[in-house]
Protein chains: 2
Amino acid sequence: MRLTTKGRFAVTAMIDLALRGHDGPVALAGISERQKISLSYLEQLFGKLRRHNLVESVRGPGGGYSLARPAAGISIADIIRAVDEPLDATQCHGRENCQEDHRCMTHDLWATLNDKMYEYLTSVSLDSLVSNERKSVGATAVVSDQRRNVRTLREEAALTA
Amino acid sequence: MRLTTKGRFAVTAMIDLALRGHDGPVALAGISERQKISLSYLEQLFGKLRRHNLVESVRGPGGGYSLARPAAGISIADIIRAVDEPLDATQCHGRENCQEDHRCMTHDLWATLNDKMYEYLTSVSLDSLVSNERKSVGATAVVSDQRRNVRTLREEAALTA
DNA sequence: GAAATAACATACTATTTTTGTCAACTTTAA
DNA sequence: TTAAAGTTGACAAAAATAGTATGTTATTTC
């Protein structure tokens, strides 16, 4: 798994979207201004997010983007995966013959690290970040997805501490 | 924390070094050929590794690099940290005023993720990878560092499963 | 239907990663 | 003491990636 600023921007933008997507779609121009991310870059990122069915778009005046499904059903891993495309961590993309004698020494390490990171990022939903942002103190109950086990950031942090 | 191919290369090279550093130093030319990493790049990376006191160099014929301390005392996090230098995950490097209204929304997320990854990468020692590579089956006992809690990859995986 | 708005698409620039080349400098061995 | 093997460092070029600018098309509103 790759972890760069690209994914960070995408997550930031998605939070903004979730935070403001109550009535009607949100225009990228607004996100750009609020989050200080260039409009062009956002357009690129949202193209990918749209192709990965995380957001839906409405063209024309009053248009913009909205989440394709409830924020509780979108994990951070989904977002990272969408914008960072390939995402393979093993260098020898699956095939085992990357080395002559001892096939791909670091294979196991990266695979395990990859799993760890996905495990974590999958456990954090967009919704949990948004409620965290809304400063809705009081450990807002977790809304879990049908596919995944999604915890709030607060709970996750508690587990670590 | 940033996770790119750069760190991957560094770890791969360090494994090779640990694997062959029994009698005398290991030349980069050998690592380059075995791991298919350009010699120039390795030289750059090992310059950083040396400045971070992870390896020592011996010049002249028969020279090369050797680990500055036992492989059990070097974690993967050490290596990543050495080659990726800055390593800050929060975008608003410490200062809280990255946003006007709601200061740096994703701040908490990235900080927590950062901790998670470090926690994991610190728990994996170079030695554990090497023993794993040597195919020394039978759960080779853990040699723990004086500073850290270092587990074997095998044990770590068991915890996750 | 014209004008404005905003997504969509493509081309371009800048930064980072990776490789290549060259010139010291150091130590061992012949 | 010379030569060879090897590190160290400084650049620069090439490739990949990140980020920006510009143009085009679809919708809505007036």
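Reminder, nothing fancy here: chain letters follow the sequence lines and each chain counts from 1. The shown structure was predicted, so the numbers you read here are calculated from the model rather than taken from an experiment.
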Mind checking whether A/Met14 and A/Ile76 have side chains closer than 4.5 Å, heavy atoms only? no
Using a 4.0 Å heavy-atom cut-off across all strands, classify A/Phe46 as base, sugar-phosphate, or nothing. nothing
When you compare the side chains of A/Asp78 and A/Ser75, does any donor N or O come within less than 3.5 Å of an acceptor on the partner? yes
Classify the ring geometry between A/Phe46 and A/Tyr65 as parallel (under 30°), tilted (30 to 60°) or perpendicular (over 60°). tilted
To the nearest Å, how far apart are B/Gln44 CD and D/dG9 C1'? 10 Å
Side chain of A/Glu43 only, please: which of C/dC8, D/dG19, D/dT7 is the nearest? C/dC8
Would you say the base of D/dG19 and the side-chain of A/Ser40 have a donor-acceptor pair closer than 3.5 Å? no
Matching residue for A/Ser128 among A/Val124, A/Val130, A/Leu126 - test: side chain to side chain contact (heavy atoms under 4.5 Å, CB included): A/Val124
Separation of C/dT16 atom C1' from B/Leu45 atom CG, nearest Å, is 14 Å
Students often get this wrong, so: under 4.0 angstrom with heavy atoms, is A/Gly47 touching a base, only sugar-phosphate, or nothing? nothing
Nearest-Å distance, CZ (A/Arg50) to P (C/dA7)? 11 Å
Euclidean distance, atom CD1 of residue A/Ile37 to atom C1' of D/dG19 [Å, nearest integer]: 12 Å
Selection from D/dA5, C/dT18, C/dT16 that lies nearest to any side-chain heavy atom of B/Pro61: D/dA5
Shortest side-chain distance from A/Tyr41, nucleotide among C/dC8, D/dG9, D/dA18: D/dA18
What is the separation between atom CZ on B/Phe9 and atom C1' on C/dT19, rounded to the nearest whole Å? 11 Å
Just the rounded figure in Å: distance from C1' of D/dA26 to CD of A/Glu56. 17 Å
Presence of A/Ser38 side-chain N/O under 4.0 Å of D/dA21 phosphate oxygens OP1/OP2: no
Base, sugar-phosphate or nothing for A/Thr4? Non-hydrogen atoms, less than 4.0 Å. sugar-phosphate
Under 4.0 Å from OP1 or OP2 of C/dT17: is there any side-chain N or O of A/Arg2 that close? no
Is there side-chain contact between A/Leu3 and A/Asp84, with at least one heavy-atom pair below 4.5 Å? no
Could you check which of C/dA7, C/dT18, C/dT16 has an atom nearest any side-chain atom of A/Ala27? C/dA7
Under 3.5 Å, is there an N or O donor on one side and an acceptor on the other linking the side chain of B/Arg59 and the base of D/dT7? yes
B/Lys6 has an atom NZ; how far is it from atom C1' of D/dA15, in whole Å? 15 Å
Here the distance between atom P of D/dA18 and atom CZ of A/Arg8, to the nearest Å, is 12 Å
With respect to the side chain of B/Thr5, which nucleotide from C/dT17, D/dG9, D/dT22 is positioned closest? C/dT17
Taking the side chain as everything from C-beta on, heavy atoms only, tell me whether B/Arg34 gets closer than 4.5 Å to B/Val26. yes
Just checking A/Leu39: base, sugar-phosphate only, or nothing, at a heavy-atom cut-off of under 4.0 Å? nothing
